[in-house]
Structures are given as C-alpha cells and as structure tokens.
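Naming convention: chains lettered A, B, ... in sequence-line order (proteins, then strands); numbering from 1 in each chain.
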Number of protein chains: 2
Amino acid sequence: MASDEGTGSDGGARRRFSRPARLVDLAEHSGYSIKTISRVLNNEPYVSERTRAEVMKSVHELGYVADHRARSLRTTGSRSGYVGLIVPDMRNGFFADLANAVEKRVSAAGQTLLLGISDESTAKEAKYLDVFRQNRIEMLMAVPAGSDALTRFSEQVPTVVLDRMQPGLEDAVDFVTANNRESARALTSHLIRAHGLERVLMVAGEKEISSVRERQAGYYEAMREAGLQPAVTDQHLTLPDAEAGALEMMRSLAAPFGVFSTGSRMYWAAMSAAARLGTVVPRDVAAATFDGSGSLGVAGPLPTQAQLPVATMVARAFQLVTERALEPDRAPRTVTVECDIEYGMTCGCMDPSSAGPLVIRTGR
Amino acid sequence: MASDEGTGSDGGARRRFSRPARLVDLAEHSGYSIKTISRVLNNEPYVSERTRAEVMKSVHELGYVADHRARSLRTTGSRSGYVGLIVPDMRNGFFADLANAVEKRVSAAGQTLLLGISDESTAKEAKYLDVFRQNRIEMLMAVPAGSDALTRFSEQVPTVVLDRMQPGLEDAVDFVTANNRESARALTSHLIRAHGLERVLMVAGEKEISSVRERQAGYYEAMREAGLQPAVTDQHLTLPDAEAGALEMMRSLAAPFGVFSTGSRMYWAAMSAAARLGTVVPRDVAAATFDGSGSLGVAGPLPTQAQLPVATMVARAFQLVTERALEPDRAPRTVTVECDIEYGMTCGCMDPSSAGPLVIRTGR
DNA sequence: TTGAAAGCGCTAACAC
DNA sequence: GTGTTAGCGCTTTCAA
C-alpha cells in the first residue's frame with residue numbers, strides 16, 4: 001500500500017499558522033492610521049512618499065495580505081470577483097479542455113474561478129447553484145445537468161450555457177452550442193456521397209443530452225436525404241457494450257460500409273469491432289466521428305472527424321455573459337459555432353501511407 | 001464562423017439582476033428582528049414554530065440567500081470554506097483526473113473549490129498563491145510548477161503537494177507522490193528478465209519534473225542492475241519529435257528489443273515509430289509505459305503499464321493536509337503510494353488474441 | 001496630507 | 001422567545 005516516512009529533520013512546534021495580519025496590525029506596527037494604510041494599499045493619491053515607503057515596509061514585514069471577503073463586501077457594488085463554472089465530469093476530455101480555456105479567460109480578467117462538478121446529477125448541480133449564489137459569483141458558465149434551479153438562478157446572475165441546449169431555457173439564458181446536427185449530417189453525407197457508400201451505420205450512446213441527440217438527428221437526416229435505410233446501435237453507456245452492439249450490426253452488413261459514431265468512446269468501440277472482424281479501414285469500413293477534445297488522432301489513424309472548437313466556444317460564451325452583465329435586459333441569444341471538420345484517413349480521403357500515425361501490429 | 005440568432009420571443013426590459021436580499025429586507029418583510037431571522041436561518045433553538053414558518057415564508061418570497069462573505073467573516077475563526085487547487089494543465093488527463101477526485105472530496109466536506117491552472121509557469125503559480133491567500137483558503141493542494149513562493153505560503157496555510165517533489169520543500173510541506181522510480185525499474189526489469197531482452201530503449205520527455213525524472217532514473221537503475229547498456233532518446237516535448245527520436249534509435253537496434261516510455265505521449269511516439277518500421281508488437285518490440293490517467297488501453301492493445309493511483313493519492317493528500325490543519329507543528333511527511341502495474345499485451349504477457357482491443361488495419 | 005467614524009451583511013454576546 | 005448592541009476587516013464618507 002502506502003508507506004509513510006517522516007522526512008522532517010527538525011521536530012517539535014515550529015509554526016502555528018498564525019492568524020493573518022490585519023490593517024490594525026499594520027497601523028500598530030507602522031504608527032499610521034488605518035485609513036492611511038488603506039490608501040497606500042489601494043494606490044490612492046495624497047500620500048507622501050515617505051509614508052508610503054514606511055507602510056509598505058510594515059506590509060512586507062508582517063506579510064500582510066488583504067482579506068478579499070472584507071474588501072469585496074465593502075467595496076462599491078460589492079463585486080465578489082468570482083466566476084462560477086459547472087461541468088459534468090472533468091475526466092471527459094472536452095470538459096477538461098473547456099475548464100482549461102475558461103480558467104484562462106477568468107484569470108486574464110482578474111477574476112477567480114469557483115469550480116463545480118455536477119457528475120450529471122441535477123441535485124449536485126442545484127447544490128452548486130446555491131453555493132455559488134452564496135458566494136455572489138458575478139457570472140456562471142455551465143454545461144448543465146438539467147436542474148430546473150438553473151432557470152431561477154439565471155434570473156439573478158448572468159449565466160451562459162455551453163455545449164448543450166436545455167428545454168425551456170432558450171428564452172431565459174444565453175447559449176453557445178456547436179452545430180452538432182449539421183456536422184453530423186455533413187460527416188454522414190460525406191461517407192455516402194464522396195465515398196459512394198450505400199450502407200452507413202451509426203454507433204451512438206445516450207440520447208438524453210441535446211448535443212449528442214443532435215448528432216444522431218444529423219445522421220438520420222443525411223440518411224433520409226440519400227434515401228438510405230438507417231442502421232443504428234445506440235443507448236450504449238460503456239465501451240464494451242457499444243463494441244458488442246457495433247459488432248453485431250457489422251456482421252449483418254456486407255463490406256464496404258460506413259460508420260458514423262457520436263463521440264470518441266463510440267468511435268473506439270466501432271474501430272474495435274471493425275478490427276475484430278478483420279476488416280481494413282477505410283477499404284472495408286469507412287469511419288467518421290465526433291471528437292470532443294481532439295485527442296483521437298494520436299492513438300491511431302487520423303480520423304475523419306468533427307471537432308468542437310473549444311476556444312471559440314469559450315470566447316463567445318465569455319462575450320455573451322459579459323454583455324449580459326452589462327445589459328441584463330437584452331433578449332437572450334443562442335450562438336451556434338461551427339465544428340471543425342477534418343477529413344482524415346479513416347474515410348479514405350487521406351492516404352493511409354502518408355504521414356499519418358500508428359497501426360500497431362500485434363502478434364507472436 | 002459563428003452565427004447569432006436572437007431566440008428571445010419577448011424583447012425589452014425584463015430584468016435587472018436585482019441586488020440580493022439582505023437580512024434587513026427579510027426583517028422588513030416579515031416584521032421580525034434581524035437576529036430572529038438569523039436564528040431561523042441557522043436552525044438555532046428558542047424560536048417558535050410560528051415565527052420560523054413566517055420567516056421562512058419571507059425567505060422564499062424574497063429569494064434570500066445568505067452572503068457567504070459576510071457570514072464567513074463574522075463566524076467563529078472566520079473560516080472561509082475554500083480549498084485551493086493548483087494544477088499545471090487541465091488538458092493533461094492525469095491532472096484532470098486529479099481535479100475530479102479533489103472536487104469530490106472538497107464538496108463532500110462542504111467546502112468550495114477554487115481552481116488555479118499554472119500552465120507550468122512559476123509566475124502564474126505565485127499569482128494564484130497570492131489570490132488564494134487573499135481569499136483565505138483553508139488548505140491548498142498543488143501540483144507545483146516550482147515557484148519558491150510556495151515555501152512561504154505553506155507556512156501560512158496547510159499545504160499538500162501532489163505528484164512531484166520540489167527541492168527544498170521536503171521539510172516544509174507534506175507530499176504525496178508515487179513510487180515512480182521503483183515502478184519504472186520494475187517495468188524495465190520485467191522487459192529484461194521476464195522477456196529475456198538484452199536491449200531496452202527509453203523514450204522520454206522533459207526531465208525538469210521530478211516524477212518524470214524519477215522514471216528515467218528507474219530505467220537507468222534497471223539497466224545497470226542487469227549490466228546492460230542504456231539506450232535513450234529524451235528531451236522530447238512534442239509527439240512528432242519523440243517519434244523521430246524513437247525511430248532513429250530503433251533503426252540501430254536489432255529485433256527483438258524493448259521500449260520503456262515515461263508517459264502516454266512518449267508511448268504513442270514509440271508505438272508510432274514501431275509501426276513505421278513494420279515491427280510486430282510484442283514479438284519484435286516489447287513495450288512498457290507509464291500512464292497518467294489510464295486512458296491508454298481503449299485505443300490500442302492493452303499496454304503493459306504503471307498507472308498512478310489518483311484516488312488513493314487524493315485521499316492520502318486530503319488526510320495529510322487535514323491533519324496538518326489540526327496539528328500545524330507536526331513534522332512534514334512524504335507519502336509514497338505505489339503505482340498499479342498492469343501486465344498487458346504489449347510486452348507479451350497477455351495473449352494479443354484474447355479479449356484485448358483494437359488493431360486498426362488500414363489500407364486500400 | 002491625514003484620521004475618525006460609519007457601514008458592507010452577517011453572527012456573537014448579552015440584554016429583556 | 002425575542003431584540004439590541006457590538007464587531008469581523010475592510011472601504012467610504014467627512015472632518016481636521
């Protein structure tokens with residue numbers, strides 16, 4: 001298990017996490033009044049250089065750091081400096097990317113990020129909305145789990161919703177989503193038209209989440225347009241589950257055929273099934289997929305994929321929510337950003353023998 | 001680009017983000033005094049049921065939510081309820097995992113998570129330390145970027161450092177690291193002893209970070225023990241760079257040989273190079289690697305790998321930092337947790353024909 | 001140029 | 001049971 005080893009060379013009572021110094025302490029230490037010190041700290045005018053220097057000396061000696069709570073409580077408008085972010089799961093590469101991008105914006109704006117992870121639970125989401133309101137966050141960015149507490153919340157705090165739509169909220173908050181349906185339709189159509197496939201299978205997961213549901217809708221649309229019969233295996237939550245579903249469907253299809261998958265997990269499931277059947281990509285199976293975080297290509301042939309433009313989405317979201325903070329009464333907007341579609345090796349557009357990565361051959 | 005579409009059906013001034021209600025507002029609304037209301041809100045005794053009910057009615061009608069800043073400022077010990085977390089980069093799966101696990105602990109403890117991302121920059125790290133101190137976080141968990149401001153910080157706030165050691169800090173803060181060196185040695189030794197390889201190559205990235213450096217040290221140790229000559233390509237920051245390096249080294253080695261890689265990126269680089277040379281895994285090239293976040297297996301043959309036990313590390317870290325908050329003067333401890341070593345298909349221990357995933361065959 | 005007092009929104013200590 | 005007062009650490013009046 002885990003092994004402890006005390007590394008301290010000096011034992012005994014060394015510190016006590018002394019209570020942070022306050023303005024009064026600085027006043028006592030420097031001999032100036034509280035207000036003068038406050039002036040120095042806030043770079044206000046009408047302080048002599050000598051005073052300023054002496055006060056700063058005390059500041060350093062006592063290691064003074066202002067208490068943000070007290071300051072923000074009193075300061076005009078009582079702005080907290082907090083921005084809240086709620087994502088469903090940080091292990092999902094897309095949400096991690098999102099959090100990363102959000103942090104950059106937030107810190108660049110001199111704000112501090114409060115992070116909540118909802119685990120796709122409406123209860124946890126509602127809990128965080130409550131906590132965030134207690135903390136008087138100035139704005140919220142959220143990939144919603146579906147709690148209806150969000151409606152009330154958005155009436156009190158500038159809110160922008162990312163990645164997913166939420167029914168009944170379109171007229172209440174700003175949204176930034178990707179054109180999931182159109183991109184899915186484009187990918188599927190590409191398999192059909194550009195590669196002349198008459199059979200295109202879809203491997204899909206849950207359909208409770210709007211963005212994923214839209215991708216499924218896009219697939220159906222493309223198939224309908226082409227007058228083709230949809231072939232779908234869906235509702236898969238785990239990878240092995242999806243793989244089994246894909247395998248079963250693929251057996252019934254004669255090569256060549258296409259596969260559209262709604263996300264990276266579904267993509268790996270599809271590829272795994274294809275491999276198990278001994279098919280060759282893209283000759284026998286042409287694949288196209290959605291990818292949340294763009295980490296797909298490193299581990300296999302460069303996929304033909306639609307990627308969500310995280311940076312763009314976050315930038316737009318910030319713009320929207322900032323504008324809403326300034327103009328609370330403007331009509332809510334829904335911004336749809338376009339996915340980056342990359343035509344890679346798995347559909348046959350890019351030559352597999354070209355610079356692309358990785359076909360691990362295994363065997364004895 | 002992006003298309004805006006105003007979706008609001010009702011234009012015009014609908015809301016104004018009204019200033020949140022305060023206790024005074026509740027007092028006015030309900031006719032009770034501020035203190036009585038405070039009592040109700042804090043579930044204190046000596047309040048009649050009737051009063052309680054009436055106050056709660058006002059609370060709901062006004063949508064009252066207590067201001068955490070004011071409350072925490074006044075409340076005993078002025079505890080903030082904040083826990084700070086600093087990670088270098090959320091796009092790295094291991095750190096995302098870590099953040100996920102930390103959030104669970106923090107929220108379970110009823111605390112709120114302040115997130116900082118350092119981008120491996122000591123300046124950004126120092127900035128966050130400052131911000132966190134202003135916000136009076138109760139404890140800090142950090143994967144350090146190397147700022148020496150951390151030393152002073154750890155004297156003021158209970159701090160635990162995760163994943164990496166930092167020179168000069170061992171006697172100041174608690175650490176939770178993995179046995180990187182030993183696991184690297186074990187993996188390398190395994191390739192040498194169990195699979196009878198006389199040549200084992202290492203593909204490695206940067207060596208500024210202690211955990212990664214330790215892995216390299218483990219490799220050298222195993223090679224020395226076996227009386228073998230190290231063969232190393234390192235200092236690679238990008239994947240293509242690492243791949244080129246691996247390719248060059250592999251050309252000069254006669255199969256069969258082993259490859260030890262220090263992380264998932266280096267692993268893919270090695271696999272890519274192996275594929276490019278037309279070798280078969282594990283017959284010609286036996287591979288073993290470190291993996292931060294356990295997402296390696298889904299995309300290829302199950303690798304022989306050492307995985308960092310994120311949940312364990314976070315649990316231990318929480319324990320350490322909590323204990324330190326209670327007993328500030330105890331000697332700092334360094335806890336080393338063991339990596340989970342999985343013997344998979346890439347070294348030959350597990351049969352490639354068994355249930356393992358994915359060999360994407362590409363071709364026309 | 002500086003300082004004393006009031007008050008941000010809340011809870012703690014003591015009245016009634 | 002309920003209300004009044006003080007004060008958390010800070011900024012903002014206003015006076016000196």
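Rounded to whole angstrom, the span from the NZ atom of B:Lys35 across to the P atom of D:dG1 amounts to 16 Å. Straight-line distance from the CG atom of A:Leu23 to the P atom of C:dG3: 13 Å, rounded to whole Å. Atom pair B:Asn135:CG and D:dG9:C1' shows a separation of 14 Å (rounding to whole Å applied). Summarising the geometry, the separation between CG on B:Leu26 and P on C:dC10 is reported as 8 Å, rounded to the nearest angstrom. Whole-Å rounding puts the B:Ile34 CD1 to C:dT11 P distance at 10 Å. Rounded to an integer number of Å, the gap from CG of B:Leu41 to P of C:dC10 is 9 Å. Rounded to an integer number of Å, the gap from CD of B:Glu49 to P of D:dG1 is 10 Å. B:Leu73 has its CG atom 18 Å from the P atom of C:dG7, to the nearest Å.
Closest to the side chain of B:Tyr64, from the set D:dC10, C:dC10, C:dA12, is C:dC10. Minimum atom distance to the side chain of B:Asp67 is reached by C:dG9, of the listed C:dT2, D:dC10, C:dG9. Here the nucleotide nearest the side chain of B:Arg74, chosen from C:dA12, C:dT2, D:dG1, is C:dA12. Nearest to the side-chain atoms of B:Ser38 among the listed nucleotides C:dT11, D:dG1, C:dG9 stands C:dT11. Residue B:Glu44 has its side chain nearest to C:dA12 when only C:dC10, D:dT11, C:dA12 are considered. Here C:dC10 is the nucleotide among D:dC8, C:dC10, D:dG1 with the atom lying nearest to any side-chain atom of B:Ala70.
B:Phe153 and B:Leu129 make their closest contact through CE1-O, 3.3 Å (heavy atoms, listed as atom of the first residue, atom of the second, distance).
Put simply, the side chain of A:Leu114 reaches to within 4.5 Å of the side chain of B:Leu114, judged on heavy atoms. Side-chain contact check for A:Phe94 versus A:Asp163: some heavy-atom pair is nearer than 4.5 Å.
Note on B:Ser72: nothing from the nucleic acid sits closer than 4.0 angstrom, heavy atoms only. At the heavy-atom level, B:Arg19 lies under 4.0 Å from the strands shown only through sugar-phosphate atoms.
For B:Arg22 against C:dG9, a side-chain-to-base donor-acceptor contact under 3.5 Å is absent. Judged by atom type and distance alone, B:Arg39 reaches the base of D:dT2 through a side-chain donor-acceptor pair under 3.5 Å.
Partner A:Phe132 forms a side-chain contact (heavy atoms from CB on, under 4.5 Å) with one of A:Ile137, A:Leu85, A:Val83 and no other, that one being A:Ile137.
Each of B:Arg136 and B:Ser33 has a nearest nucleotide on DNA chain D; the 5'-most of these lies closest to B:Ser33. Along DNA chain D, the nucleotide nearest to A:Val24 and the one nearest to B:Gly31 differ in position, and the one closer to the 5' end is contacted by B:Gly31.
For the OP1/OP2 pair of D:dG3 and a distance below 4.0 Å, the side-chain nitrogens and oxygens of B:Thr36 include at least one atom meeting the criterion. Regarding contacts with the backbone of C:dC10, every side-chain N or O of B:Thr75 stays at 4.0 angstrom or more from both OP1 and OP2. Residue B:Tyr46 places no side-chain N or O under 4.0 Å from the OP1 or OP2 atom of D:dG3.
In this structure, CZ in B:Arg69 is found 6.5 Å from CZ in A:Arg136, a value given to the nearest 0.5 Å. Atom OG of B:Ser33 sits about 11.5 Å away from atom CG of B:Leu26, to the nearest 0.5 Å.
With axes fitted over five pairs at each extremity, the angle between the ends of the helix from C:dT1-D:dA16 to C:dC16-D:dG1 is 40° (10° resolution).
Using a 4.0 Å cut-off between charged nitrogen and carboxylate oxygen, A:Arg333 and A:Glu327 do not count as a salt-bridge pair.
Checked against side chain to side chain donor-acceptor pair (under 3.5 Å), B:Lys35 has no partners two or more places apart in sequence or in another chain.
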